[in-house]
Amino acid sequence: MPEDDKGTVGRTTRAAVLGEDHVARAEAATTDFDADFQRFITEGAWASVWSRPGLDKRERSLITVALLAASGHDEELAMHIKACANTGATAEDIKEALLHVAVYAGVPAANRAFKIAKRVLETGEGPGR
């Protein structure tokens, strides 16, 4: 895929998953310092991985939630739990993914993730807000 196409495909997918408002805020906050990083995220994560045909957005969303929960990336976890509303993943799906986290990554990681998920699902807000 040509680089120009990667940017367009990545941005479109990123907006479909995280919401246009999120992407617009990220773009507005981009500076010379992090422009290369933002391009890397858009092309690498959103065009090269999230846009692949092998899994649908719901499945990718649940994998992402589990990985972020297992690795303790709370802010990203909250953002992706909120994004589940855009990918078709339900609260029940999230619960099941977090139960897997408990078994394969540990109860403390799942405990923290369940707290974040409850807050996001109840209020739309992320950790510590």
Side-chain angles (χ1 to χ4, degrees):
M1 179 182 310
E3 293 304 312
D4 289 349
D5 291 347
K6 277 188 156 185
T8 301
V9 168
R11 191 200 186 283
T12 300
T13 301
R14 189 179 187 187
V17 173
L18 300 178
E20 179 59 38
D21 289 346
H22 173 87
V23 175
R25 281 192 308 276
E27 290 172 344
T30 299
T31 65
D32 288 340
F33 181 73
D34 67 344
D36 290 335
F37 177 67
Q38 288 297 321
R39 186 171 32 263
F40 170 75
I41 292 168
T42 300
E43 294 174 359
W46 296 105
S48 295
V49 177
W50 274 86
S51 298
R52 292 176 54 83
L55 300 170
D56 65 27
K57 286 180 179 59
R58 177 187 162 277
E59 293 164 332
R60 289 186 193 281
S61 193
L62 292 170
I63 291 167
T64 302
V65 164
L67 289 168
L68 292 170
S71 55
H73 298 293
D74 296 352
E75 288 184 27
E76 292 280 323
L77 173 61
M79 178 178 68
H80 278 276
I81 289 170
K82 188 173 181 179
C84 284
N86 299 328
T87 65
T90 66
E92 186 70 22
D93 294 332
I94 295 165
K95 176 179 76 173
E96 293 299 326
L98 296 181
L99 286 170
H100 262 63
V101 169
V103 171
Y104 292 100
V107 170
N111 187 45
R112 183 183 65 252
F114 267 103
K115 287 178 185 175
I116 292 167
K118 284 171 55 175
R119 184 168 37 251
V120 171
L121 293 170
E122 290 171 4
T123 68
E125 296 180 3
R129 290 188 178 90

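As a basis for the values below, the full set of heavy atoms in this structure was taken, side chains included, without hydrogen atoms, waters or symmetry mates.
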Applying salt bridge (charged side-chain N to carboxylate O under 4.0 Å, His left out), which residue pairs with at least one partner in residues 51-61 are found, sequence neighbours left out?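 Found Arg58-Asp93.
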Test: Glu43 and Arg11 ion pair at under 4.0 Å: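 Judged by the 4.0 Å cut-off on N to carboxylate O distance, Glu43 and Arg11 do not form a salt bridge.
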Can you measure from [atom1] ([X]) to [atom2] ([Y]) and round to the nearest 0.5 angstrom?
X	Y	atom1	atom2	result
Ile116	Ile94	CD1	CD1	12.0 Å
Thr13	Trp50	OG1	CH2	9.5 Å
His80	Leu68	NE2	CG	5.5 Å
Arg119	Lys82	CZ	NZ	13.0 Å
Asp36	Gln38	CG	CD	10.5 Å
Lys6	Thr42	NZ	OG1	11.5 Å

Let me check something: do [X] and [Y] share a hydrophobic cluster, defined by ILVMFWY side-chain heavy atoms less than 4.5 Å apart, either directly or through other members?
X	Y	result
Leu77	Val103	no
Met79	Val49	no
Ile81	Phe114	yes

Provide the full list of side chain to side chain donor-acceptor pair (under 3.5 Å) pairs with a residue in residues 96-106, sequence neighbours left out, each pair given once.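 As it turns out, there is no side chain to side chain donor-acceptor pair (under 3.5 Å) pair with a partner in residues 96-106 once direct neighbours are skipped.
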Nearest heavy atoms of [X] and [Y], plus distance in Å:
X	Y	value
Leu98	Ala117	CD1-CB, 3.9 Å
Ala26	Thr30	O-OG1, 2.7 Å
Ala83	Leu18	CB-CD2, 3.8 Å
Val120	Ala78	CG2-CB, 3.8 Å
Ala66	Val101	O-CG2, 3.5 Å
Ala105	Ala70	CB-CB, 3.5 Å

Kindly determine whether Asp5 and Thr8 satisfy side-chain hydrogen bond (donor to acceptor under 3.5 Å, both in side chains), including the steps that lead there. CA-CA 5 Å; Asp5 291 347; Thr8 301; 5.6 Å; no
Would you say that Trp46 contacts Val17 through its side chain, given a criterion of any heavy-atom pair below 4.5 Å between the two side chains?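 They are in side-chain contact.
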Beyond-backbone contact of Leu55 with Ile63, side-chain heavy atoms, under 4.5 angstrom: yes
Whether Thr87 side chain and Cys84 backbone form a donor-acceptor pair below 3.5 Å: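 Pair found, side chain donor or acceptor close to backbone of Cys84.
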Applying side chain to side chain donor-acceptor pair (under 3.5 Å), name anything that partners Glu76, two or more places apart in sequence or on another chain. none
